[in-house]
Participant: 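Okay, here's the structure, questions in a sec.
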Number of protein chains: 2
Amino acid sequence: MSHPFVQVRGAREHNLRRVDVDLPRDALVVFTGVSGSGKSSLAFGTLYAEAQRRYFESVAPYARRLLNQVGAPAVDEITGLPPAVALEQRRSAPTARSSVGTVTAVSNSLRMLFSRAGRYPAGAERLDSDSFSPNTAAGACPTCHGLGRIHEVSEESLVPDPSLSIRQGAIAAWPGAWQGKNLRDILAALGHDIDRPWRELPAADRQWILFTDEQPVVTVHPEREAHRIHRPYQGTYMSARRYVLHTFADSKSAGLRRRVSRFLVSSDCPVCGGRRLRPEALAVTFAGMDIAAAAALPLSELSALLRPFTGQNADESPAAALSQDLVGRIEVLTELGLGYLSTDRPTPSLSSGELQRLRLATQLRSGLFGVVYVLDEPSAGLHPADTEALMTVLRRLKESGNSLFLVEHDMAIAARADWIVDVGPAAGEHGGRVLYSGPPDGLTAVPESATRRYLLAEDGAAPDGEAREACEARKTREARETHESREPHQARTPSGTLRLRDVTLHNLRGLDAELPLGVFTAVTGVSGSGKSSLLAVVAAAAEGVADGGGTDDAAADEGDGDETAAVPEQAQRFRGTVEGLEAVDRLVRVDQKPIGRTPRSNLATYTGLFDAVRKAFAATDEARARGYTAGRFSFNVASGRCPTCQGEGFIAVELLFLPGTYSPCPDCKGARYNPETLEISYRGATIAEVLDLTVDAAAEFLADLPAAARGLTALQQVGLGYLRLGQPATELSGGEAQRIKLASELQRSRRGHTLYLLDEPSTGLHPADTEVLMEQLHRLVAAGSTVIVVEHDMAVAAGADHVVDLGPGGGAEGGRVVAAGTPAAVASAPGSVTGPYLARALGRVRRS
Amino acid sequence: MSHPFVQVRGAREHNLRRVDVDLPRDALVVFTGVSGSGKSSLAFGTLYAEAQRRYFESVAPYARRLLNQVGAPAVDEITGLPPAVALEQRRSAPTARSSVGTVTAVSNSLRMLFSRAGRYPAGAERLDSDSFSPNTAAGACPTCHGLGRIHEVSEESLVPDPSLSIRQGAIAAWPGAWQGKNLRDILAALGHDIDRPWRELPAADRQWILFTDEQPVVTVHPEREAHRIHRPYQGTYMSARRYVLHTFADSKSAGLRRRVSRFLVSSDCPVCGGRRLRPEALAVTFAGMDIAAAAALPLSELSALLRPFTGQNADESPAAALSQDLVGRIEVLTELGLGYLSTDRPTPSLSSGELQRLRLATQLRSGLFGVVYVLDEPSAGLHPADTEALMTVLRRLKESGNSLFLVEHDMAIAARADWIVDVGPAAGEHGGRVLYSGPPDGLTAVPESATRRYLLAEDGAAPDGEAREACEARKTREARETHESREPHQARTPSGTLRLRDVTLHNLRGLDAELPLGVFTAVTGVSGSGKSSLLAVVAAAAEGVADGGGTDDAAADEGDGDETAAVPEQAQRFRGTVEGLEAVDRLVRVDQKPIGRTPRSNLATYTGLFDAVRKAFAATDEARARGYTAGRFSFNVASGRCPTCQGEGFIAVELLFLPGTYSPCPDCKGARYNPETLEISYRGATIAEVLDLTVDAAAEFLADLPAAARGLTALQQVGLGYLRLGQPATELSGGEAQRIKLASELQRSRRGHTLYLLDEPSTGLHPADTEVLMEQLHRLVAAGSTVIVVEHDMAVAAGADHVVDLGPGGGAEGGRVVAAGTPAAVASAPGSVTGPYLARALGRVRRS
Ligand SMILES: Nc1ncnc2c1ncn2[C@@H]1O[C@H](COP(=O)(O)OP(=O)(O)O)[C@@H](O)[C@H]1O
Ligand SMILES: Nc1ncnc2c1ncn2[C@@H]1O[C@H](COP(=O)(O)OP(=O)(O)O)[C@@H](O)[C@H]1O
Ligand SMILES: Nc1ncnc2c1ncn2[C@@H]1O[C@H](COP(=O)(O)OP(=O)(O)O)[C@@H](O)[C@H]1O
Ligand SMILES: Nc1ncnc2c1ncn2[C@@H]1O[C@H](COP(=O)(O)OP(=O)(O)O)[C@@H](O)[C@H]1O
Ligand SMILES: [Zn+2]
Ligand SMILES: [Zn+2]
Ligand SMILES: [Zn+2]
Ligand SMILES: [Zn+2]
């Protein structure tokens with residue numbers, strides 16, 4: 001048959017410079033290189049995009065016009081390319097109703113199990129599997145519509161201050177302006193005393209005023225400003241409850257909905273008790289549990305529950321057949337370190353790494369053959385101890401007859417690949433070349449590669465592994481010559497301590513822990529050990545919300561306006577206390593949530609940089625002559641933007657199979673502005689051209705515009721020099737979003753003691769980029785602040801002042817502090833899974 | 001790596017009986033077996049469906065719920081199955097606006113060529129490629145909206161009989177009933193003489209009455225039946241033109257639109273001259289032609305036109321790059337015998353075989369690798385001389401790294417496969433087993449196989465080929481023992497002759513030909529030689545439409561109500577005369593068009609069989625007690641059908657990538673009726689159960705219901721015993737549709753001389769089934785009628801009384817009678833491409 005290689009010729013997507021490269025099929029290929037070097041442009045932008053295009057053009061020829069709009073990747077030729085499946089991190093916005101169970105198809109099997117093998121109450125009809133899904137009409141609890149919670153009002157929520165009279169505004173939930181006065185006057189006309197304090201009104205009246213469903217009509221003689229004429233009119237009364245619920249459910253105004261949502265109290269649905277299903281379905285049990293209880297079990301426990309049933313003959317017993325299916329599915333998930341998740345866990349609460357591994361494990365049972373899986377850093381969120389399990393899954397996918405293309409920064413994985421494609425040497429226009437393509441060992445011969453020294457330093461196996469020990473000696477010697485990490489520094493002295501006392505959240509149960517202030521602390525531990533939960537406790541406490549209220553990431557809220565009703569968010573309520581926070585002036589949480597949910601947000605808008613740029617444009621002579629203000633240069637304002645795409649630069653193309661596919665706007669060709677706006681130039685560039693600059697280029701172009709220059713420098717410092725200013729938020733990875741947030745924090749002038757909380761800041765970063773980022777974080781500590789990071793990268797932990805290692809396992813087997821102290825102390829702590837990996841990282845630092 | 005086989009275990013779709021079979025990948029696999037044996041159920045229903053499901057479940061996990069609705073094929077396990085692409089014949093309803101150019105992407109390249117390398121008038125702006133497409137707003141002629149034709153009225157069309165007065169109904173286009181009288185009375189009120197013959201009215205008045213855009217309002221004193229009271233009223237006039245055009249464009253009633261369409265005359269758009277593009281685009285030329293002229297060229301001529309430009313350096317000249325692309329695309333099409341088609345030929349005018357080969361050739365340039373192509377009888381419509389070209393294309397697809405699974409009846413192709421899967425032994429429940437799976441030679445050892453003797457009889461190579469001559473001797477001997485065809489019969493004596501004189505249509509130019517009456521005639525010749533055109537001439541002449549009017553297939557019109565406006569169809573106007581038709585009493589054209597376009601049509605409704613069944617249900621005691629009439633048992637009537645799916649049994653699932661995907665109705669589970677209707681049973685079966693019977697089973701069940709039995713026997717006689725009565729029209733192949741039409745013709749009581757015209761009736765039929773069908777057709781001839789078939793199956797031609805061989809080539813190189821006479825005479829005619837193949841077929845018959 002044909003050549004066992006995918007042959008790429010003349011790839012020019014983004015920064016790729018006419019790349020020619022051959023990639024083996026049926027192999028594990030890892031793409032390495034610093035951020036922005038072009039790895040994704042090759043793996044996703046070229047190979048995956050072209051594979052998709054070819055397949056869909058053949059399967060759905062009627063969609064060809066749409067595909068043409070999206071456009072083919074810039075490449076001369078690709079041969080030997082099978083259809084592809086991508087497991088990306090970016091752009092995989094999970095829907096609110098999806099859960100661990102729906103992503104993995106465990107829900108489906110579980111519903112079939114209850115439908116066919118459940119124990120029904122005597123005389124009950126057998127239900128079909130849809131009746132066990134809260135997302136179907138057949139299954140949803142009729143009271144809460146399958147949401148599990150209901151939103152209601154209470155006297156307390158509607159009347160926060162009962163010492164006020166109605167005239168003084170006791171009923172806070174009432175609308176403002178004329179409507180509020182109208183309701184007040186109607187009550188007066190109905191004979192209620194609107195000048196007595198609320199709490200002194202008779203209980204029955206209070207009840208009626210707030211909750212009645214009646215809508216009496218009365219003649220109102222309005223009593224208002226004396227100098228105006230007010231004619232009597234017919235007024236219709238509406239209780240506060242009715243007003244709030246109707247507005248929340250039906251109003252088209254997001255602002256109004258948000259306002260009334262403040263008067264809603266949400267609570268578990270009284271009918272299903274939060275279990276979201278109709279009573280008939282909840283009456284069915286299996287192994288003594290209803291389906292909601294089964295779905296709430298960690299997967300590992302669910303598997304243990306079902307195992308006894310797998311022994312029977314599957315042909316005869318549906319319980320056996322379905323249990324076997326479920327146990328099989330869960331096994332892979334457990335192997336990938338996800339056994340601590342429950343079936344009903346909503347996907348939006350998962351990290352992108354967890355979500356990707358869920359999808360990966362699910363693929364093992366897809367039966368696909370002969371496809372190329374293209375993966376985006378599957379190691380994200382994975383403790384080094386779990387790398388072996390990931391490798392096992394990848395190998396099994398390969399053995400099932402598939403090819404694997406990984407964009408990956410974890411050198412432990414790169415060292416074990418069949419083939420490495422190293423892209424570089426640097427980012428953006430300084431990258432885009434393939435420096436090396438071949439088995440990992442050969443990279444030693446490429447001095448130009450930024451990856452080389454990190455790969456050399458990688459032993460290539462877990463501490464207790466045996467692989468590749470032959471070349472160990474050579475590598476260690478070479479590593480010593482090339483690896484030039486920071487010296488292991490003296491641990492700093494804390495300026496204070498945060499004391500967590502008897503803290504309970506998720507799997508943290510009555511935890512006592514100490515976190516030093518004024519230093520850099522790394523929280524380590526396997527997936528699900530409780531690291532994020534620990535951070536959540538600190539954040540909630542810092543925001544003063546122990547035992548109630550809500551913690552929220554201020555930064556993430558700055559994104560685009562929310563279009564869905566703001567249901568009062570479930571707070572990360574923890575039990576326990578956190579002492580020592582009085583030393584902290586400010587909390588900054590830098591997470592990986594997107595900086596915006598539409599292509600209208602980008603790094604320029606997010607960081608405020610764009611304001612400076614627009615002012616500069618508005619200040620040009622031509623703009624002033626035409627009367628163009630800074631607003632004209634915003635693509636969110638009608639006057640200046642392209643009317644066809646309304647300033648998005650793209651139009652959505654309806655391809656169900658390629659969600660969120662955009663094609664360039666046919667009118668402005670992606671420029672986003674109308675022709676008149678583009679007639680204004682600043683230093684020879686239009687506003688569209690400025691948005692198209694990379695951060696690095698813009699730093700030069702706008703060097704003397706202080707308001708812009710500061711932000712640009714900060715972006716460069718966190719390794720984002722390769723991003724274009726106008727790159728839409730939807731195209732940024734979680735790691736990029738996190739670093740943008742960090743940069744916009746770095747550019748602020750800082751006073752006082754700030755507590756920075758970061759969740760795995762190394763995600764998406766080449767080891768060389770991680771080093772740059774860590775320098776920035778250490779600078780913050782040097783300036784007197786505290787940094788606490790959750791990290792899996794042992795180089796980061798080795799460079800910390802303090803390490804808190806959680807564990808020993810995930811879920812119920814975690815949630816305890818296994819070891820805490822200097823990196824060296826944790827490295828040698830008995831019982832810590834992290835210890836040996838940390839020891840090796842420390843060894844590497846010392847060796848160098 | 002893994003086993004080079006796709007392994008199927010426990011396939012149970014439709015009639016498959018727990019089939020276990022291994023199919024080699026990267027090979028050409030042919031599925032053989034009689035119609036209804038289960039070939040498609042295995043190749044399409046199981047392998048293709050499962051491959052699609054797996055791939056889409058991985059690519060679009062959010063679509064999983066939809067995929068679940070569609071359901072997985074019934075099979076225990078399939079391993080080693082790559083993603084698949086189907087090139088089906090059924091269900092591939094081409095849209096009216098698609099053309100040879102859009103299917104093959106030639107249009108796209110041609111538009112780019114004109115956009116980038118065309119010669120523009122001095123000063124003209126360069127246009128983008130969309131401006132050369134009549135299907136875009138940018139390109140469409142503004143007058144005819146890109147349709148090329150405009151629909152207008154004329155005095156002749158509105159007033160067919162000018163000797164009538166307005167009162168006598170001269171203006172035939174006027175609406176009936178009150179509205180017509182109203183308009184008449186308005187004209188009288190306006191002072192027109194409504195009692196003079198139309199032709200005697202002044203020209204200016206006639207013009208105004210028919211064409212004015214004015215809508216004067218006058219007081220009408222209605223003059224009607226004397227005994228009624230009529231009050232004066234204000235009436236608004238509307239000219240006949242205005243009424244017809246408005247009704248045609250805007251009426252929601254299909255009936256009304258159809259009625260007014262009779263008064264429309266369509267003609268080429270005066271602005272674009274039928275070229276569909278706006279003037280600016282038509283002003284651009286390449287090689288001296290505008291794009292409409294280039295698109296009207298046969299592909300082979302277009303290629304010749306472009307070849308001179310391919311010599312230049314593609315990097316420097318867009319003309320060269322695009323010409324190279326086009327010439328490359330066209331080359332494959334020409335190889336597959338499709339060079340006679342023009343780019344602008346609309347796909348609905350293509351046979352399903354031509355369309356499939358267009359798609360197949362297009363795939364050669366798709367760059368797909370590692371997929372399984374599943375094909376439905378690619379030989380359909382292909383002359384044996386073109387089989388080698390088809391094999392070449394298939395081999396090239398295989399060499400590009402793909403697997404090919406063909407459902408195929410052509411033994412010349414089966415004999416050349418790498419692997420044969422023979423399904424059988426008979427149809428429906430008597431089939432569904434894999435009788436043999438292995439290289440073709442091995443089938444000799446399977447006496448049970450219906451395919452065996454035909455494959456043995458096949459020499460395995462073209463007459464002048466060299467392949468497989470080694471085993472020729474053995475095969476011939478065995479063939480002699482097993483092949484038991486009808487004796488070559490004595491040619492019948494014609495009862496008369498049809499004489500075509502100086503006939504011109506498509507590539508028939510001034511043709512003289514004779515077709516004997518009262519015998520069985522086969523028209524042969526390579527694709528595009530003019531066979532269908534010849535049949536069209538005979539049909540048009542028989543319907544008395546030489547030089548005008550329209551020919552239409554009466555049978556095809558009996559399908560479901562047409563929902564689109566009935567634009568007066570382009571008639572097959574030919575020039576010339578056909579003599580001898582006076583001997584013919586009736587014309588019956590049996591084509592391969594669908595018997596209906598929605599799942600509401602099925603063979604039971606089409607053949608009228610269902611009426612008998614519904615009457616039987618209505619006559620049961622229970623039905624009479626409840627007052628259920630026959631209408632109640634129609635799924636097109638609201639009272640009896642399931643309200644959820646409105647009697648379709650299915651609901652459409654919105655999966656863009658799987659067009660027209662249906663999932664069983666959640667309420668009736670596909671039964672189509674409401675529960676009350678299903679309470680009535682006839683001989684123990686509900687109406688839904690009867691619809692689910694196969695023709696064979698129904699023939700037993702309804703044996704004593706004469707009205708049903710006759711139709712069922714006819715269906716069995718044409719080899720359709722395996723179809724279920726309720727099988728939706730949309731799931732039937734072109735061949736099946738044709739045989740259903742034939743059966744409904746066979747069941748009629750016949751008197752007089754009927755002229756039957758059939759286009760390749762062997763399509764979709766196993767050679768064994770073809771023999772059965774031919775017996776039926778010969779019975780018609782024996783009863784005194786005439787049968788003329790277009791055929792590529794040489795066994796059919798060999799069994800004919802008379803053969804007319806057209807050619808010698810396709811398109812401009814065809815259109816002539818190369819040879820005519822008895823099969824033996826044509827077999828030895830010099831210059832006939834068909835001759836040698838016919839000679840071999842005759843040899844086989846004689847040998848046996
Ligand atoms: N959609 C895009 N449009 C234009 N340039 C892009 C786009 N996406 C990425 N780039 C640019 O291409 C270069 C390589 O980026 P990328 O392939 O994402 O690198 P990596 O995957 O190695 O981090 C960078 O300069 C980046 O800014
Ligand atoms: N939002 C949540 N709702 C319910 N359980 C959660 C939630 N977040 C985490 N958990 C559970 O808490 C435990 C610790 O999870 P987490 O703190 O995310 O671990 P880590 O950050 O170490 O991976 C796990 O058992 C996890 O399933
Ligand atoms: N959609 C369907 N539902 C139920 N039965 C079907 C369907 N399609 C085909 N069948 C039945 O399955 C059997 C095999 O049909 P098919 O696979 O189409 O045969 P072949 O391809 O060999 O002609 C026949 O009895 C046919 O009636
Ligand atoms: N509806 C049509 N419009 C234009 N050209 C046609 C049409 N149908 C057939 N032709 C042309 O007439 C010639 C003969 O075609 P056809 O009669 O279909 O051949 P055959 O039936 O032998 O394959 C071909 O060149 C074909 O392109
Ligand atoms: Zn509920
Ligand atoms: Zn635009
Ligand atoms: Zn026109
Ligand atoms: Zn239904």
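Residue numbering restarts at 1 for every chain, and letters A, B, ... go by the order of the sequence lines.
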Participant: Please enumerate all residues that pass ring-ring contact (aromatic ring centres under 6.0 Å, His included) together with Y373(A), with sequence neighbours excluded.
Facilitator: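 Once residues adjacent in sequence are excluded, Y373(A) has no partner under the ring-ring contact (aromatic ring centres under 6.0 Å, His included) criterion.
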
Participant: Identify which part of S366(B) has an atom lying under 4.5 Å from any heavy atom of chain A, answering side chain, backbone, both or neither.
Facilitator: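 Contact with chain A involves both backbone and side-chain atoms of S366(B).
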
Participant: Does L397(B) form a side chain to side chain contact (heavy atoms under 4.5 Å, CB included) with L364(B)? I'd like the steps, not just the answer.
Facilitator: CA-CA 6 Å; L397(B) 272 179; L364(B) 273 184; 3.8 Å; yes

Participant: Taking only residues two or more places apart in sequence or in another chain, which ones pass salt bridge (Lys or Arg N to Asp or Glu O under 4.0 Å) with D128(A)?
Facilitator: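 If we apply the salt bridge (Lys or Arg N to Asp or Glu O under 4.0 Å) test to D128(A), skipping adjacent residues, there are no hits.
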
Participant: Among T79(B), L81(B), I78(B), V85(B), which residue forms the greatest number of heavy-atom pairs with chain A at distances under 4.5 Å?
Facilitator: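 Among the listed options, the one with the most contacts to chain A is L81(B).
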
Participant: Using only atom types and a distance under 3.5 Å, with no angle test, would you say the side chain of R25(B) pairs donor to acceptor with the backbone of F5(B)?
Facilitator: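 Yes: the side chain of R25(B) pairs with the backbone of F5(B).
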
Participant: What residue, out of A86(A), A51(A), A84(A), A138(A), has the most heavy-atom pairs lying under 4.5 Å from chain B?
Facilitator: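 If we count pairs closer than 4.5 Å to chain B, A84(A) comes out on top.
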
